[in-house]
2 protein chains.
Amino acid sequence: MPRQSDARTLSSLRHALQALRCFSQDEPELGITEISRKLGLSKSTVHRIMATLAEEGFVHRDEETHRYRLGLSVLSLGGIIMSNLEICREGQHLLEEFVHRFDETVHLAVLEDFCTVYVSKLECKHPVQIATHVGRRNPLYCTSSGKVILAYQDESMVEEVIRRGLQPFTPNTITHPDRLRKVLAQIREAGYATSVGELRPGVNSVAAPVRDYTRRVIGAVTAVGPAARFTDEKMRSLAKTLLSISKEISNRLGYYERVSSRTRLQVSHSMGRPT
Amino acid sequence: MPRQSDARTLSSLRHALQALRCFSQDEPELGITEISRKLGLSKSTVHRIMATLAEEGFVHRDEETHRYRLGLSVLSLGGIIMSNLEICREGQHLLEEFVHRFDETVHLAVLEDFCTVYVSKLECKHPVQIATHVGRRNPLYCTSSGKVILAYQDESMVEEVIRRGLQPFTPNTITHPDRLRKVLAQIREAGYATSVGELRPGVNSVAAPVRDYTRRVIGAVTAVGPAARFTDEKMRSLAKTLLSISKEISNRLGYYERVSSRTRLQVSHSMGRPT
DNA sequence: TATCACGTTCCGCATAGAGAAACAAGTGCG
DNA sequence: CGCACTTGTTTCTCTATGCGGAACGTGATA
């Protein structure tokens with residue numbers, strides 16, 4: 001019996017999309033057999049899938065090795081998203097200013113499917129570079145952007161994240177539910193989040209929340225860098241600017257602060273002033 | 001009888017990929033009916049396709065309007081390509097230097113399937129901005145990058161481009177085969193190409209060729225800007241720098257000039273120094 | 001040369017998926 | 001207010017489609 005094809009969706013298409021997902025930063029080039037093993041499908045099936053993907057330009061077949069890599073068609077699609085994601089459009093120039101001023105790498109991340117997805121990245125000139133890329137997904141509980149987003153979601157989402165498991169990536173990763181809940185409370189207090197080597201050792205980050213017109217936190221602005229440069233003090237300093245940037249982006253997305261109304265947000269915005 | 005395409009590819013998958021392609025800069029959001037009309041498929045078929053794409057995160061279904069837009073999964077794929085395209089990796093910082101120095105928008109474009117595809121874009125700070133995006137495809141005969149790439153391809157490719165038709169986009173677009181052939185010869189002479197409002201009125205560009213280790217021209221570095229700023233003189237000046245950048249990128253891709261017996265030794269970062 | 005692993009092709013059967021039509025849920029108009 | 005349009009979604013039936021096992025070709029390795 002094959003994999004349970006739950007709904008009324010197309011199994012062949014689903015397999016093809018999963019095949020596309022097999023490609024990654026570390027494995028940008030794959031052969032038929034590799035993919036068929038990853039997906040548990042027969043070689044002939046995968047071959048047919050790849051032939052179709054290649055014909056449509058979604059993968060590129062190397063004529064010599066007969067192995068496959070992602071094609072440029074997906075770049076087009078990516079570009080379309082980028083230039084239509086409102087948060088991207090509005091944020092780009094603010095991020096550029098940030099990089100110019102601090103010379104630190106900065107990302108824009110959004111929430112999707114219990115992950116943060118980087119939708120924009122601006123690199124600094126420093127020789128030390130943290131290997132991330134646009135489109136990269138990370139868990140919510142071990143990055144500054146993830147935590148700051150999570151901090152402002154419904155409690156049920158926090159519980160779901162916990163239920164899915166707090167897998168440790170480094171010794172610093174938060175793995176205890178109660179600790180996570182506590183940290184999130186602190187983040188709401190401060191208005192921003194930090195990560196000190198929680199996803200990768202020696203890599204720190206700071207993040208501030210971005211809201212849309214519904215007042216929901218939908219993303220974050222985050223600066224990333226090596227622990228050597230990202231001291232506590234420096235991160236506090238960066239946080240100030242990140243908060244003003246995130247606020248500006250939020251405004252452009254239609255968000256406006258309602259200071260004195262009886263809404264569910266008494267977390268005040270002491271933006272420049274860390275408590 | 002349904003349209004009979006190549007026997008050994010999956011029609012449902014092909015349709016799905018074509019559905020993805022329906023999305024564009026101008027139409028970032030589509031409904032089932034629109035797509036089904038574009039592709040000539042029944043609504044139920046398209047609905048099944050979109051449901052699967054949505055399930056895998058390749059499109060996002062708006063819960064209110066029940067319309068679809070591209071999902072963030074394709075961003076991930078795009079990011080993987082970007083960080084693995086050698087030409088991108090090698091060129092990024094050189095382009096950044098260029099933008100810093102001239103404050104003009106610059107692209108990296110590669111050849112694919114009789115089109116140029118922008119694989120990298122760095123924007124300048126100027127208020128006037130030319131709306132392009134990474135992944136964007138343009139014809140070969142009406143952009144500076146396209147023409148400079150075409151100039152160094154086999155003659156058969158030129159003829160194929162001509163055969164496919166030289167559609168005019170502006171009054172300046174080259175539409176006569178003989179004129180195109182002559183222009184390409186001039187480009188080989190000069191070593192770089194320009195476009196003066198050939199794709200869009202009032203938008204000029206300059207481009208220099210990038211070669212890989214097989215000495216084939218596989219891409220181009222190109223600066224784009226409004227005609228007001230991009231005078232002949234300025235473009236000549238930009239061309240010098242673009243040529244040195246494109247040469248440097250070519251070197252990093254394994255290309256070495258064999259004109260002089262001088263090996264690729266002094267590949268200093270001294271951009272701007274002509275030759 | 002023999003063996004292995006790989007990509008590719010062939011083929012027959014079961015089923016996945018195409019489409020017509022019915023259904024539901026808005027939306028605009030008189 | 002209700003009617004004539006949309007739109008997206010579901011159901012159903014039948015057959016073309018695409019699945020997997022096996023065979024084939026080819027290039028490496030020993």
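All chains are named by letter (A, B, ...) in the order of the sequence lines, taking the proteins before the strands, and each is independently numbered beginning at 1. Computation of the quantities below employed the complete heavy-atom set of this structure, encompassing side-chain atoms and omitting hydrogens, waters and symmetry-equivalent molecules. None of these values were measured; they are calculated from a predicted model.
Protein atom CE of M50(A) is 17 Å distant from nucleotide atom P of dG18(D), rounded to whole Å. The separation between R67(A) atom CZ and dG7(C) atom P is 7 Å, rounded to whole Å. Taking atom NE2 of H15(A) as the reference point, atom C1' of dT15(C) lies 14 Å away to the nearest angstrom. Distance, H47(B) NE2 to dC23(C) C1': 13 Å, rounded to whole Å. Rounded to whole Å, the distance from CD1 on I49(B) to C1' on dA18(C) is 10 Å. What separates CG of L13(A) from C1' of dG17(C) is a distance of 12 Å, to the nearest Å. The interatomic distance linking E63(B) (CD) with dG8(D) (P) rounds to 14 Å, in whole Å. Summarising the geometry, the separation between CG on L41(B) and P on dA20(C) is reported as 11 Å, rounded to the nearest angstrom.
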- Task: Take Q18(B) and E56(A) through the test side chain to side chain contact (heavy atoms under 4.5 Å, CB included) and record every step on the way to the result.
- Result: CA-CA 8 Å; Q18(B) 284 163 4; E56(A) 294 289 330; 3.5 Å; yes

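Among residue pairs with one or both ends in residues 147-156 of chain B, those qualifying as side chain to side chain donor-acceptor pair (under 3.5 Å) are K147(B)-E198(B); sequence neighbours excluded. Listed by first and then second residue, the salt bridge (Lys or Arg N to Asp or Glu O under 4.0 Å) pairs that reach into residues 35-45 of chain B are E27(B)-K38(B), sequence neighbours excluded.
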Could you list the donor-acceptor pairs under 3.5 angstrom formed by side chains in residues 108-117 of chain A, with sequence neighbours left out?
{"from": "E112(A)", "atom 1": "OE1", "to": "R137(A)", "atom 2": "NH2", "distance (Å)": "2.8"}
{"from": "T116(A)", "atom 1": "OG1", "to": "N138(A)", "atom 2": "O", "distance (Å)": "3.4"}

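A salt bridge is defined here as a Lys NZ or Arg NE, NH1 or NH2 lying under 4.0 Å from an Asp or Glu carboxylate O, and E34(B) with R67(B) meets this definition. Here E248(A) pairs with R252(A) in a salt bridge; the nearest charged N to carboxylate O distance falls below 4.0 Å.
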Using the 3.5 Å cut-off, write out each protein N or O paired with an N or O of nucleotides 11-14 of chain C and the distance between them.
none

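Listed by residue number, there are no residues of residues 27-38 of chain A with a heavy-atom contact under 4.0 Å to DNA chain D.
Checking the phosphate oxygens (OP1, OP2) of dT17(D), no side-chain nitrogen or oxygen of S12(B) falls inside 4.0 Å.
Under the 3.5 Å distance criterion, with hydrogens and angles disregarded, no donor-acceptor pair is assigned to the side chains of S36(A) and T33(A).
Nucleic acid contact class of H66(B) (heavy atoms, under 4.0 Å, all strands): sugar-phosphate only. S44(A) comes within 4.0 angstrom of a base, heavy atoms only.
For S11(A), counting side-chain heavy atoms from C-beta on, the closest listed nucleotide (dG18(D), dA16(C), dG8(D)) is dA16(C).
When the side chain to side chain donor-acceptor pair (under 3.5 Å) test is applied to R164(A), the partners found at least two apart in sequence or on another chain are E160(A).
The base of dG20(D) does not come close enough to the side chain of K43(A) for any donor and acceptor atom to sit less than 3.5 Å apart.
With hydrogens and angles disregarded, a donor-acceptor distance shorter than 3.5 Å links the side chain of S250(B) to the backbone of S246(B).
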